[in-house]
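Structure first, then comments.
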Amino acid sequence: MNTDFDYSHPRTQVRFGRGRRDETGEVAARHGDDALVVTTRNAMQEAGFLDDVLASLEEADVSATVYDDADPNPTVANVVDCVETAPDAEIVVALGGGSPTDVAKAAALSLAVFDEPPSIEDVWTYASGEKRPEEATPLVALPSTSGTGSHVDPWAVVTRADERAKVGFGGDALVPHDAIVDAEILDEMPADLAARTGFDAFCHLNEAYVARGSDALTDANALRGMELVSRNLRRSVEGSSEAREKMAVADTLAGFCEATSGTVATHALAHAISAYEPDVAHGDALASVAAEVAAYNVENGDDETKRRYGEIAETLGFPVADRKLDAPFVVDTFREFVAEFDLDASVGDLTDATPEELAENAAEHMRLVLRNNPVEVEEDDLVGIFEDAY
Ligand code: NDP
Ligand code: MN
C-alpha cells in the first residue's frame, strides 16, 4: 500500500436522492441565469426527465437552450456544435450518461477559454493534451447511467473521427461543481445498459486499485465500490431499484477513484477498439479485454500487484484459497464475471481491426493511461494482449 502520497479530493457537491432533479434550477441559479442543457437524442426526452429539468430551471428563472445531439462515444464535432447552440451560456447542465456529460465538460471548457465558438482544431488543442484546461464554465451533472463516474471526476472522453483517436483529457477545472444523482432516472436503464455501464464502473474501481497512481485513501473507495458492484450488479440488471441506488454509490466512489488514481491498460485498449468502431459501447469494449489485461498484469506484476488481483477476485466471490493465484485463475474470474452479464464478446467479434493496428492506436493515443498500468507495457505487449483477447 502506498502510504507516501498527496491526496486531492474531488470538489463536487453531490446530492443523492429520488426526485432531486427538481433541484436543478435552484443549484444552477447559483452559477448564472443562462443555461446550456446537454443530453442525447431520445432517452431523457421519452422518459420526461428533460422536461422536468427544464421546468425546474424555469421555476428558478434560469433560461435554457438544449443541445440534444450528443453521440454515444461523442465526437469533438459534437462539442463544437454544442457550443454553437448557446455561445453565451453561463452554466452547463449535463443530463445523461458519460457521453453527454463529457460533451458538456468540453463545452464548459470551450465557453470559458474561447471568445468565439471554437473549431475542431481549437478543441483538439485541449483534448490532445497540448494545452491543459485551467478554467471552465460551472457544470451541474445529472447522471443517467451508473458507469463512467464522470459526474464527479476531472476527465472528458471525446473522439476525433478523422484521426481515429479516442482520448481522455482534463484536470481539476473539469470536475463538475454539482452532481444530482436521482435514482428515478437510473431506473429507466434497460438491462443491457445497466450491465455494460456497471461493468465500466467495476473497471474504474479495479483498475484504480492496481494502478501506479493508487494510494491508501483511494484503496478504501475502490474496495468498498467493488463490494457494492459484486453485491448489486446482478440485481440492478434485473431491475431492482434498491440495487440501482447502490450501483449509483459504487459509480460515484469509482469517479472519486478516477480522480485520485486512474485507469490502466484495460481502458487504453478499450479506447482503441471504439476508435476503430465508434458504435461499440465503451463497456462492451472493456469487457472484451479485461481478463487478458488482468492476466498480463498478474503474470508480469510484482507480489503486491498479484495480491491486489487476488483481492479483486475474492470481492467477486472467487476465493483465492481454492486455487493458485496465477494468470489462468484471474482470466477465469474475469471471464466468468463478464459472461454472467452477457458481455463476453471477443475483440474479433467487435472489430476487424488487427491486433497490430489496435495496439498502435492505444500506444499513440493513451500514453498516460498506459503509464499508470502497474506493469510496464510496450506496444509489442499490447499486440500480445489483443491477440489473446481476439
Ligand atoms: P452513454 O452516455 O453513451 O449512453 C448510451 C445511450 O444510452 C444513450 O445514447 C441513451 O440513448 C441511452 N441512455 C442513457 N441513459 C439512459 C437511461 N437512464 N434510460 C434509458 N436509456 C438511457 O453511456 P455511458 O454512460 O456508458 O457513457 C459512455 C461514454 O463515457 C463513452 O464515450 C466513454 O468512453 C465515456 N467515459 C467517460 C469517463 C469519464 O471519466 N469522463 C469514464 C468512462 C467512460 P439515446 O441516445 O437514445 O438518448
Ligand atoms: Mn470507463
Side-chain angles (χ1 to χ4, degrees), residues 10 21 38-50 68-76 78-79 94-106 127 139 141-159 166-171 174-176 181-208 236 239 244 247-248 251-252 254-259 261-264 266-275 277-287 289-290 365-366 369:
R21 61 187 177 284
V38 185
T39 188
T40 50
R41 297 187 185 106
N42 311 295
M44 297 300 102
Q45 295 82 332
E46 283 164 13
F49 300 133
L50 179 60
D68 62 355
D69 221 6
D71 291 303
N73 288 324
T75 60
V76 180
N78 288 156
V79 177
L95 172 65
S99 297
T101 308
D102 290 354
V103 170
K105 286 177 163 182
L139 180 70
L142 292 92
S144 72
T145 63
S146 292
T148 69
S150 189
H151 59 298
V152 292
D153 83 18
W155 313 116
V157 177
V158 290
T159 297
K166 180 174 177 180
V167 297
F169 72 104
L174 295 198
V175 180
V181 184
D182 179 343
E184 286 174 7
I185 301 177
L186 304 169
D187 280 346
E188 290 300 314
M189 279 190 286
D192 59 344
L193 186 64
R196 69 167 68 93
T197 56
F199 188 71
D200 185 20
F202 174 66
C203 285
H204 300 144
L205 294 159
N206 79 64
E207 291 178 51
S236 165
R244 292 206 173 180
M247 283 301 299
D251 176 38
T252 302
F256 293 162
C257 289
E258 287 172 80
S261 171
T263 55
V264 302
T266 323
H267 264 71
L269 272 61
H271 279 207
I273 294 169
S274 292
E277 311 292 342
D279 291 339
V280 170
H282 177 56
D284 294 349
L286 287 167
V289 295
H365 298 297
M366 295 295 282
V369 167

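The structure displayed is predicted, hence computed values, not measured ones. For reference, positions follow the sequence shown, starting with 1. Ligands are counted one by one from 1 in listed order, and the atoms in each one are counted from 1 as well.
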Distance-minimising heavy-atom pair for [X] and [Y]:
X	Y	value
Asp284	Arg196	OD1-NE, 3.0 Å
Leu186	Pro143	CD2-O, 3.8 Å
Val289	Thr266	CG2-O, 3.8 Å

Considering only heavy atoms of [X], which atoms of ligand 1 have at least one such atom less than 4.0 Å away?
X	result
Asn42	45 (P), 47 (O), 48 (O)
Pro72	3 (O), 9 (O)
His204	42 (C), 43 (C)
Gly97	2 (O), 25 (O)
Pro74	32 (O)
Pro100	2 (O)
Ile185	18 (N)
Thr197	26 (O)

What N, O or S atom of His204 is found closest to the Mn ion (ligand 2)?
NE2
The Mn ion (ligand 2) to Asp200: nearest N/O/S atom name
OD1
Between [atom1] of [X] and [atom2] of [Y], what distance do you get to the nearest 0.5 Å?
X	Y	atom1	atom2	answer
Arg244	Ser146	CZ	OG	8.5 Å
Leu205	Cys257	CG	SG	5.5 Å
Leu269	Leu286	CG	CG	10.0 Å
Lys166	His365	NZ	NE2	13.0 Å
Glu207	Thr263	CD	OG1	5.5 Å

Checking [X] side chain against [Y] main chain: does a donor-acceptor pair fall under 3.5 Å?
X	Y	answer
Asn78	Asp71	yes
Lys105	Pro176	no
Asp153	Glu258	no
Thr197	Gly147	no
Asp182	Arg21	yes

Using heavy atoms and a 4.0 Å limit, tell me yes or no: is Lys166 in contact with ligand 1?
yes
Can you find a non-hydrogen atom of Pro190 under 4.0 Å from ligand 1?
yes
Give, rounded to 10 degrees, the angle between NE2 (His267) and NE2 (His282) as seen from the Mn ion (ligand 2).
90°
Determine if the distance from atom 3 (O) of ligand 1 to the closest protein heavy atom is below 4.0 Å.
yes
May I ask whether atom 28 (C) of ligand 1 is less than 4.0 Å from at least one protein heavy atom?
yes
Would one find an N or O of Thr40, backbone or side chain, under 3.5 Å from an N or O of ligand 1?
yes
Are any of the N or O atoms of His267 closer than 3.5 Å to those of ligand 1?
no
Provide, to 0.1 Å, the distance between [atom] and the closest protein heavy atom, together with that atom's residue and name.
atom	result
atom 18 (N) of ligand 1	Ser144 O, 2.9 Å
atom 24 (P) of ligand 1	Gly98 N, 3.5 Å
atom 13 (N) of ligand 1	Leu193 CD2, 3.5 Å

Proximity of [X] to ligand 1 by residue part, where a heavy atom lies under 4.0 Å:
X	answer
Glu188	both
Asp200	side chain
Asn73	both
Thr101	neither
Thr148	both

Flag for His151-Thr252: side-chain donor and acceptor within less than 3.5 Å:
yes
With no hydrogens and no angle check, do the side chains of Thr159 and Asn73 hold a donor and an acceptor under 3.5 Å apart?
no
